[in-house]
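I have placed the structure first, in the form of structure tokens, so that the comments after it can refer back to it.
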Amino acid sequence: MHGANALQIGLFGANCSSGRAVTLVAERWSGNWPDNKKLAVLADDAGIDFLLPIGRWKGYGGDTDYQGTTLETITWATGLLAATRRITVFGTVHAPIFNPVVAAKEMVTADHVGAGRFGLNIVVGWNEGEFDMFGVAQRDHEDRYAYAQEWLDVIKMIWSDREDFDFDGNYLHMKGIKGKPKPYGGARPVIMNAGASPTGQAFAVKNCDAFFLQASRTSLEETAQRVRKAKEAARAQGRDIGCYTVGVVTCRPTRRQAEDYFHHCIVERADWNAVDSILAMKDISPHTVPLEEFLKQRSGYAQGMGGLAIVGDPDHVAAQLADLSKAGLTGIAISLVNYLDELPYFVDEVCGRLARMGLRAKARAGIPV
Ligand SMILES: Cc1cc2nc3c(=O)[nH]c(=O)nc-3n(C[C@H](O)[C@H](O)[C@H](O)COP(=O)(O)O)c2cc1C
């Protein structure tokens with residue numbers, strides 16, 4: 001991303017209804033355009049580094065049809081880039097369902113609207129039901145990344161100085177390819193990926209600038225090891241990558257208030273029917289995993305389909321984020337139950353503390369909502 005913050009912070013999932021909190025509470029995130037636009041302007045003014053959307057085409061059902069209403073991410077990013085000045089905005093693109101020539105053109109358009117602030121999150125997809133809707137057969141896992149490699153190669157070629165080239169791969173056979181304009185300012189958009197399997201990770205390390213990995217919930221040293229391993233793998237290919245992770249933040253003036261709110265949203269008022277539908281898609285049930293593991297996964301999915309739960313007062317939240325930086329992470333994409341209501345407090349109190357620790361530029365206090 002473009003900012004100079006040692007620990008970068010982004011907002012994850014705001015293009016989807018309910019964001020990443022599988023909850024029934026009335027204040028859950030709308031995901032509508034007016035709220036997204038207000039949030040982007042607020043985040044931009046507050047010095048937040050990036051906005052990362054989720055590429056989702058179908059909701060998960062349950063009582064809220066969790067993530068059932070979503071804004072398409074490249075068009076969402078384009079609108080937000082027009083409304084902001086400095087923040088990086090990603091589009092999350094499913095390689096198998098976007099023709100690469102169309103995708104390259106859409107992304108370059110977004111990049112020009114944002115004067116170089118568009119980023120690509122390339123995903124290969126995992127949800128069969130979504131693919132059925134497109135009439136596209138999902139490939140087996142290894143093939144998905146082999147296809148994504150060709151897809152990205154074509155896109156990078158279109159964005160480079162090459163003109164009128166043919167591409168004859170195992171999957172893509174294309175002739176006389178050209179695409180203008182080139183990305184804004186002569187540098188291609190930043191590319192990220194969050195592959196978790198060995199194949200997915202190898203793809204990310206080979207192709208991406210930013211790699212999202214899972215931080216350990218129990219050991220900072222384990223997180224540090226994961227970061228070191230990814231960076232070393234990139235260095236072995238002569239590349240330098242930034243490592244990021246995902247978190248779900250509940251920050252309130254006292255630890256007790258934060259824990260109570262977290263419990264209220266994500267336990268008492270969780271949309272358990274939606275959680276169970278997500279688990280079923282991933283084939284996680286008491287029949288496939290031990291009961292204890294199933295219950296752990298169930299509560300993990302309710303609080304944002306995974307990611308570190310960071311719950312506490314501003315001192316605690318800032319200390320946890322600082323620890324992630326110590327583990328070598330470049331940044332974190334966080335979600336909040338209601339992004340607009342909760343961001344000003346997070347920026348004033350948590351980003352303020354991180355600034356005093358030297359991890360971020362001075363936060364802009366007192367942002368009007
Ligand atoms: C930060 C982050 C964002 C992701 N965004 C999406 C997304 O929008 N759509 C999607 O289908 N998968 C998304 N994924 C899933 C990953 O791209 C990837 O498929 C998943 O981590 C499993 O890894 P694997 O593909 O190597 O098996 C995301 C994962 C993370 C951690």
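Read the numbers this way: they start at 1 and go in the same order the structure lists the ligands and their atoms.
Relative to the six-membered ring of Y147, R144 misses at least one condition, a distance below 6.0 Å or an angle of at most 45° to the axis. Geometric assessment of R20 against the ring of F12 yields a negative cation-pi assignment under the 6.0 Å and 45° thresholds. A cation-pi arrangement is present between K282 and W126 under the rule of less than 6.0 angstrom and at most 45 degrees off the ring axis.
For atom 17 (O) of ligand 1, the nearest non-hydrogen atom of the protein is V123 CG1, 3.5 Å. Annotation: atom 9 (N) of ligand 1 to nearest protein heavy atom, G55 O, 3.3 Å. Protein heavy atom nearest atom 25 (O) of ligand 1, with residue, atom name and distance: Y145 OH, 2.6 Å. Summary of contacts: the protein heavy atom closest to atom 26 (O) of ligand 1 is S197 OG, 2.6 Å. From the protein, the heavy atom lying nearest to atom 23 (O) of ligand 1 is A196 N, 2.9 Å.
With ligand atoms numbered from 1 in the order given, ligand 1 contributes 1 (C) to contacts under 4.0 Å with heavy atoms of V246. Within the listing of ligand 1, atoms 7 (C), 8 (O) sit less than 4.0 angstrom from a heavy atom of T92. The atoms of ligand 1 that sit less than 4.0 Å from any heavy atom of F12 are 1 (C), 2 (C), 3 (C). Ligand-side atoms of ligand 1 in range of A194: 2 (C), 16 (C), 18 (C), 20 (C), 21 (O), 29 (C), 30 (C), 31 (C), range being under 4.0 angstrom from any heavy atom. Numbered from 1 in the order shown, with element, the atoms of ligand 1 that lie under 4.0 Å from a heavy atom of W126 read 11 (O), 12 (N). Heavy-atom proximity to G200, at under 4.0 Å, picks out these atoms of ligand 1: 26 (O). Using a 4.0 Å cut-off to heavy atoms of G195, the atoms of ligand 1 that qualify are 23 (O), 26 (O).
For atom 15 (C) of ligand 1, the nearest protein heavy atom lies 4.0 Å or farther away.
Note that CD of Q138 is 8.5 Å distant from NE2 of H94, once rounded to the nearest 0.5 Å. To the nearest 0.5 Å, atoms CE (M107) and CD1 (I158) are separated by 8.5 Å. For the atom pair CD1 of I310 and CD1 of I334, the computed distance is 8.0 Å after rounding to the nearest 0.5 Å.
Shortest non-hydrogen contact noted between A21 and V337 is CB-CG2, 4.2 Å.
Counting heavy atoms under 4.0 Å from ligand 1, residue Y244 does not touch it at all. Within the 4.0 Å heavy-atom criterion, neither part of Q201 lies near ligand 1. Only side-chain heavy atoms of H141 come within less than 4.0 Å of ligand 1; its backbone N, CA, C and O stay farther off.
Taking the six-membered ring wherever Trp is involved, the centroid distance between the rings of F134 and W57 falls below 6.0 Å.
The pair D111-R188 does not count as a salt bridge, with every side-chain nitrogen at least 4.0 angstrom from each carboxylate oxygen.
A donor-acceptor pair shorter than 3.5 Å can be found between the side chains of R117 and T84. Side chain to side chain, Y171 and D143 meet the donor-acceptor criterion of an N or O pair below 3.5 Å.
At least one heavy atom of H94 sits closer than 4.0 Å to an atom of ligand 1. Heavy atoms of F203 stay at 4.0 angstrom or farther from ligand 1.
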* Derivation of the side-chain hydrogen bond (donor to acceptor under 3.5 Å, both in side chains) call for D35 and S30 -> CA-CA 7 Å; D35 282 352; S30 71; 2.7 Å; yes

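For atom 4 (C) of ligand 1, the nearest non-hydrogen atom from the set I54, V124, N121, T199 comes from N121.
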